[in-house]
2 protein chains.
Amino acid sequence: MSILSKGEKTRADIVEVAKELFYEHGYDGTSFSQIVEASGLHRGNIYHYFKTKDEILHAVIDLRLQEFRQVLDQWNMRYTDPRERLRAFVAMIADNKTELVNYGCPIGSLNTELGKDRRDLQKRARELFDLFRDWLAERFAELGHKKDAEPLALHLLGRAQGIAVIAHVYHDPKLLQREIRQVESWIDDR
Amino acid sequence: MSILSKGEKTRADIVEVAKELFYEHGYDGTSFSQIVEASGLHRGNIYHYFKTKDEILHAVIDLRLQEFRQVLDQWNMRYTDPRERLRAFVAMIADNKTELVNYGCPIGSLNTELGKDRRDLQKRARELFDLFRDWLAERFAELGHKKDAEPLALHLLGRAQGIAVIAHVYHDPKLLQREIRQVESWIDDR
DNA sequence: GTCTATACCTGGATAGAC
DNA sequence: GTCTATCCAGGTATAGAC
């Protein structure tokens with residue numbers, strides 16, 4: 001356990017609460033009052049840590065980047081075979097099917113929302129895609145796809161996004177499972 | 001040209017303007033004032049035709065359904081080969097790459113937004129997916145895929161959505177083109 | 001069928017006591 | 001570092017004159 005001062009813990013609590021709310025209701029769909037209620041803190045106190053709602057979003061993206069980096073590191077440690085590593089990526093999707101079906105992909109839906117009118121923020125959120133793209137590209141490079149590692153990574157990311165969108169639209173975990181199986185055999189063929 | 005009374009034309013103008021705004025800024029991201037400004041009408045007048053903003057959205061979905069039905073009918077008339085018809089579907093994506101890169105898929109992004117917090121409205125918006133799913137399934141049935149026509153249709157829809165999301169996130173029409181080519185050869189293999 | 005004025009609420013944000 | 005009170009802009013929606 002890391003040692004957090006009182007203020008650091010409060011700040012982390014706000015970000016954690018905001019992360020969940022932004023995912024479940026969208027960024028614009030989450031009001032400051034909702035963050036206030038869900039955190040059990042008071043308006044003024046939250047503004048003590050963040051000057052604007054946008055700043056909270058930046059902190060949420062930082063947190064997600066940090067969490068995903070940890071996950072990727074764990075996969076790298078747990079598996080040595082590049083195909084095993086890629087399979088860990090698709091397994092994550094299957095493991096999160098309930099949330100995906102209910103709220104869509106946390107990364108994709110955030111980027112889709114911000115991409116409409118807030119390109120500045122979307123650019124920031126895109127880093128989440130970059131993180132996975134780069135990690136996946138490394139895996140394809142390990143498999144010998146020196147030249148088209150990045151196209152393959154983006155293809156796989158796209159497949160994952162498409163599955164998440166359709167599964168969300170139809171609220172259907174079976175559909176997600178079925179499509180995931182196809183992606184797995186696609187990986188086996190690379 | 002169909003004959004529209006003055007009131008019918010005003011109503012159609014509102015829906016057309018709202019369709020564009022909802023696509024470019026999202027449903028929640030579009031304010032009533034924006035519709036007022038873009039239409040050149042006045043608040044009260046718009047409320048004369050629609051009691052709520054939700055009602056406008058319903059009308060927009062109706063319009064989109066109508067427009068897409070026309071497009072699908074045209075493809076059915078223009079092509080007889082099922083593969084040709086499927087290729088018309090993917091050609092539409094390539095033809096709209098500029099808008100897709102700027103605002104995402106009009107159907108997908110709407111469903112993603114509404115799916116977060118407004119399931120009632122999302123259910124309505126889902127009809128747009130159903131329209132394409134059913135049409136695509138018919139085409140796969142024509143190709144002899146009697147049993148798995150619908151899974152194939154949903155797979156293709158998912159591929160299209162994934163491509164739209166990634167192309168939007170990275171604002172990259174080349175990426176879209178590259179992925180579309182893969183979907184084309186996937187169709188050739190069915 | 002068109003337009004003006006306005007009600008009412010919730011949004012994000014601030015000032016300042018404790 | 002915490003909390004209360006409040007501001008102001010903007011949101012949707014309504015009433016009613018023309």
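So you know, we letter chains A, B, ... as the sequences are listed, proteins then strands, and number each from 1.
In this model, the phosphate group of D:dT2 is not approached by any side-chain N or O of A:His48 to a distance below 4.0 Å at OP1 or OP2. Checking the phosphate oxygens (OP1, OP2) of C:dT2, a side-chain nitrogen or oxygen of B:Thr10 falls inside 4.0 Å.
In this structure, CZ of B:Arg118 is placed 12 Å from C1' of D:dT12, rounded to the nearest angstrom. At whole-Å resolution of the value, CG in B:Asn45 and P in D:dT14 are 16 Å apart. When rounded to the nearest whole Å, the span between CD1 of B:Ile46 and P of C:dG1 equals 15 Å. In this structure, CD of B:Glu55 is placed 12 Å from C1' of D:dA13, rounded to the nearest angstrom.
A 4.5 Å side-chain heavy-atom check between A:Phe68 and A:Trp135 finds every atom pair outside the cut-off.
Judged as a side chain to side chain donor-acceptor pair (under 3.5 Å), and not counting sequence neighbours, A:Glu55 has no contacts.
In this structure, B:His42 and B:Glu8 both approach DNA chain C, and ranking their closest nucleotides by distance from the 5' end singles out B:Glu8.
One N or O on the side chain of B:Lys53 and one on the backbone of B:Thr30 form a donor-acceptor pair closer than 3.5 Å.
For residues 88-111 of chain B, the ring pair (Phe, Tyr, Trp, His ring centres under 6.0 Å) pairs, not counting sequence neighbours, are B:Tyr23-B:Tyr103, B:Phe89-B:Phe132.
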Point to revise | B/S/- contact track for nucleotides 12-18 of chain C, protein heavy atom under 4.0 Å | key: BBB----

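For A:Thr80 and A:Arg85, the side-chain atoms include no donor-acceptor pair closer than 3.5 Å. Residues A:His145 and A:Arg190 bring no donor and acceptor atom of their side chains to less than 3.5 Å of each other.
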